[in-house]
Amino acid sequence: MKEGITPHEVVDRYHALISSSFEQMGISFDIYSRTSNAVHHETSQAFFKKLYDDGAFETKESEQYFDEEKQVFLADRYIVGTCPVCSNDKAYGDQCEKCGSTLSPDQLINPHSALSQSKPIKKSTKHWYFPLNKYEDFLKQWILEGKKDSWKANVYGQCKSWLDAGLQPRAMTRDSNWGVPVPLTDAAGKVLYVWFDAPIGYISATKELTNQWSDYWQQEDTKLVHFIGKDNIVFHCIIFPAMLKAHGSYILPENVPANEFLNIEGEKVSTSRNWAVWVHEYAEDFPEMQDALRYVLCANAPETKDNDFTWKDFQDRVNNELAAILGNYVNRAFVLMHKLCAGRVPSFHQEAKDALDSQLEQDINAAKQKVEHSIEEYRFRDALFEVIDLARKGNKYMQDKEPWIVAKTLTGHPENQKLIDNCLHHCLQLTANLAILMQPFLPFTAAKLCKMMKVVPRMLDWENAGRIDLLKPNYPLPAPEILFRKIEDVEVATQVQKLKDRSLLNNTATPKTAKAAPTVAAAKDTIAFDDFAKVDLRIGHITAAEKVEKADKLLKLQIDMGTEIRTIVSGIALHFKPEDIIGKQVVVVANLAPRKMRGIESNGMILMAENAEGNLVFVAPEAMTPAGSEVR
RNA sequence: GGCGAGGUAGCUCAGUUGGUGAGAGCGCAGGAUUCAUAACCCUGAGGUCUCGGGUUCAAAUCCCGAUCUCGCUACCA
């Protein structure tokens with residue numbers, strides 16, 4: 001949290017920003033709410049109370065150390081005291097780093113708070129645990145057996161992974177002052193665990209929307225579907241359903257079609273590194289082109305695996321699919337109609353109907369079925385493809401019929417006007433169908449088409465799809481407008497450059513870390529010089545490095561300390577290859593108590609700088625400095 | 001390390017319960033055309049379906065092993 005801004009103000013700001021971004025892109029919600037509302041507090045508290053009254057929770061009460069000065073409960077590692085085993089007076093509540101003993105805070109002699117140095121009092125704290133393990137059988141049956149065929153492989157597999165590993169009771173309360181208070185008399189200073197109350201927020205929002213909220217949540221024929229990213233699967237598929245089951249009067253999710261991740265230009269999206277395309281900036285750079293972005297994001301959605309958004313691909317898809325296939329189709333249909341049919345919707349002459357006409361009618365109907373089916377199966381990529389494919393069929397139909405060629409025969413054969421009429425009649429009806437089918441994906445373009453076809457928005461009702469009598473014959477239509485303009489090469493280059501420039505800027509200008517840890521002091525307390533002087537910092541040279549087996553993050557380093565070679569285990573394996581760091585200078589905390597990691601004793605610790613992304617940089621002297629040199 | 005999801009033409013992806021010579025879109029090459037946003041339409045080239053074993057009359061599809069990518073998880077003070 002930045003200086004002087006309350007969590008509530010942060011929520012306000014982002015709620016507004018995100019809300020307006022959705023609006024700009026034509027994404028609307030029946031209710032777009034937040035969990036800081038009163039109705040949500042009531043709802044989630046009532047939910048909790050119901051489970052509580054039913055005895056669904058297990059409480060675990062424990063005497064925990066409490067810092068009276070800071071008014072917070074202290075996590076084990078924020079308690080320091082004397083180790084009962086080796087008498088080290090800097091032992092932590094969970095472990096003594098000198099002798100490596102695993103400790104509990106109670107074992108410490110003369111414990112004190114690491115936050116304020118004050119002597120913590122023992123205070124009893126109680127937390128309510130939801131015994132997920134008791135719902136394992138239910139979840140296994142419900143998901144592993146019941147959802148095997150309907151849920152996506154990535155979702156099903158992730159759930160199976162959790163269930164096979166075995167579920168544990170999970171604390172549903174926290175000691176904090178931000179959040180929804182636990183609705184019990186003996187729970188002062190406690191709030192609901194965020195993943196307990198957040199999904200209940202869906203229920204709260206429904207209540208906010210309508211008095212009929214229970215129709216959405218308590219009727220057997222309601223389908224509850226969660227559209228989420230893969231990082232939220234466990235909460236929506238395991239924890240929330242178990243909660244709903246425990247409560248007893250709610251329906252369970254029908255499906256949770258979680259998507260994978262979307263990268264940008266080959267890199268993970270990161271707001272802190274500013275590797276992102278911001279909606280409000282897109283809106284500025286590409287005015288009136290919301291549908292272009294909507295199209296590309298949907299056509300390239302990570303439905304089955306992680307995908308990559310690139311501006312080049314954006315350009316290709318907009319230019320080749322939206323502009324050349326869809327936009328151009330509509331345009332040529334309108335232009336031809338103006339040239340060959342006097343600017344009016346031509347009649348269809350049954351007597352001149354041929355096989356191509358019948359085929360097109362079938363195609364229109366089939367397209368509706370396919371789009372519908374795909375949407376119901378949550379296959380939006382496929383659905384969108386079918387929309388474009390229908391335009392493709394329209395282009396082919398027009399090409400096969402060649403009304404502009406037929407027009408040249410009119411002087412000798414005036415009856416051929418019927419062929420032209422039939423062709424354009426169908427082409428226009430197909431355009432109307434395109435408007436309906438594209439509406440869920442490209443609402444701005446659908447609206448534009450309505451205007452061009454001079455029909456009311458109601459024509460876009462889904463039931464109208466497949467019909468070939470949507471436009472009335474003899475109805476005069478205006479000149480067409482261009483639906484999609486092309487994206488120029490320079491625009492692609494500009495966007496890519498923008499992305500890179502900004503991200504670079506962010507990397508050099510240390511971003512604010514946004515660690516949400518309210519019970520932990522942001523800055524450490526002042527220490528006396530004597531305390532600092534106890535730390536023996538030295539320059540070391542890495543002489544050897546190898547990966548530690550069975551540990552992804554650990555490297556076993558040999559460090560030349562001048563007088564000795566030390567073994568230090570460090571959690572940097574994800575950032576550096578062993579062979580690349582040999583010879584590097586590092587700053588070593590030389591008098592840190594030894595600690596065993598993965599069975600290897602580590603004698604000291606090397607200093608690294610870490611940015612908000614968790615990227616590591618060596619802290620080292622600017623110039624070559626002999627091993628063993630002191631750092632002060 | 002354990003677990004999950006992926007690895008199919010240059011790119012993005014389809015490939016139902018194993019079975020007619022492996023598909024689509026884009027890109028590329030060639031052709032045709034001009035109503036249209038140098039758009040559309042036609043034709044074509046391109047893949048030892050990540051690799052190695054196995055089961056089978058038959059495997060992209062099933063089994064075992066390896067490898068790469070992403071995620072969850074453990075180990076990082």
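As the structure is a prediction and not an experimental result, all values here were calculated from the model. Sequence lines set the chain letters: A, B, ... in the order given, protein chains first and strands last, and positions in each chain run from 1.
Among the atoms of the strands shown, only primed sugar atoms or phosphate atoms (P, OP1, OP2) are found under 4.0 Å from some heavy atom of A:Asn320. The residue A:Lys401 sits apart from the nucleic acid: no heavy atom pair falls under 4.0 Å. Base engagement by A:Leu483 is indicated by at least one non-hydrogen atom pair under 4.0 Å involving a base atom. A:Tyr329 comes within 4.0 angstrom of nothing in the nucleic acid, heavy atoms only. Residue contacts for A:Gly157: at a heavy-atom cut-off of 4.0 Å it reaches the sugar-phosphate backbone alone, with no base atom in range.
Nearest nucleotide to the A:Lys396 side chain, out of B:rA77, B:rA36, B:rC41: B:rC41. Closest approach to the A:Ala324 side chain among B:rA36, B:rU34, B:rA39 is made by B:rA39 (side chain taken as heavy atoms from C-beta onward). Comparing B:rC42, B:rC26, B:rC35 against the side chain of A:Ile325 picks out B:rC26 as the nearest. For A:Phe385, the listed nucleotide lying nearest its side chain is B:rA24; candidates were B:rC35, B:rC72, B:rA24. Relative to the side chain of A:Arg392, the nucleotides B:rG71, B:rC40, B:rC26 differ in distance, and B:rC26 lies closest. Residue A:Arg379 has its side chain nearest to B:rG15 when only B:rU37, B:rC35, B:rG15 are considered. For A:Asp306, counting side-chain heavy atoms from C-beta on, the closest listed nucleotide (B:rC35, B:rC70, B:rA39) is B:rC70.
Atom CG in A:Asp164 sits about 14 Å away from atom C1' in B:rU73, given to the nearest Å.
A tilted orientation is assigned to the rings of A:His338 and A:Phe334, their planes being inclined by 30° to 60°. Ring-plane geometry between A:Trp311 and A:Phe286 is classed as parallel, the angle between the planes falling under 30 degrees on a 0 to 90 degree scale with a further cut at 60.
Applying the 4.0 Å criterion to OP1 and OP2 of B:rA5, one finds that A:Lys160 has every side-chain N and O outside that range. Contact annotation: A:Lys486 reaches the phosphate of B:rA39 (side-chain N/O to OP1 or OP2, under 4.0 Å). Phosphate contact (OP1/OP2 of B:rA14, side-chain N/O of A:Arg381, threshold under 4.0 Å): present. The phosphate of B:rC26 (OP1 or OP2) has no side-chain N or O of A:Lys312 nearer than 4.0 angstrom.
Separation of the C1' atoms belonging to B:rA9 and B:rG52 is 23 Å when rounded to the nearest angstrom.
For B:rG7, the glycosidic angle deviates from 0 by more than 90°, giving an anti base.
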Protein N or O to nucleotides 6-8 of chain B N or O, pairs below 3.5 Å:
none

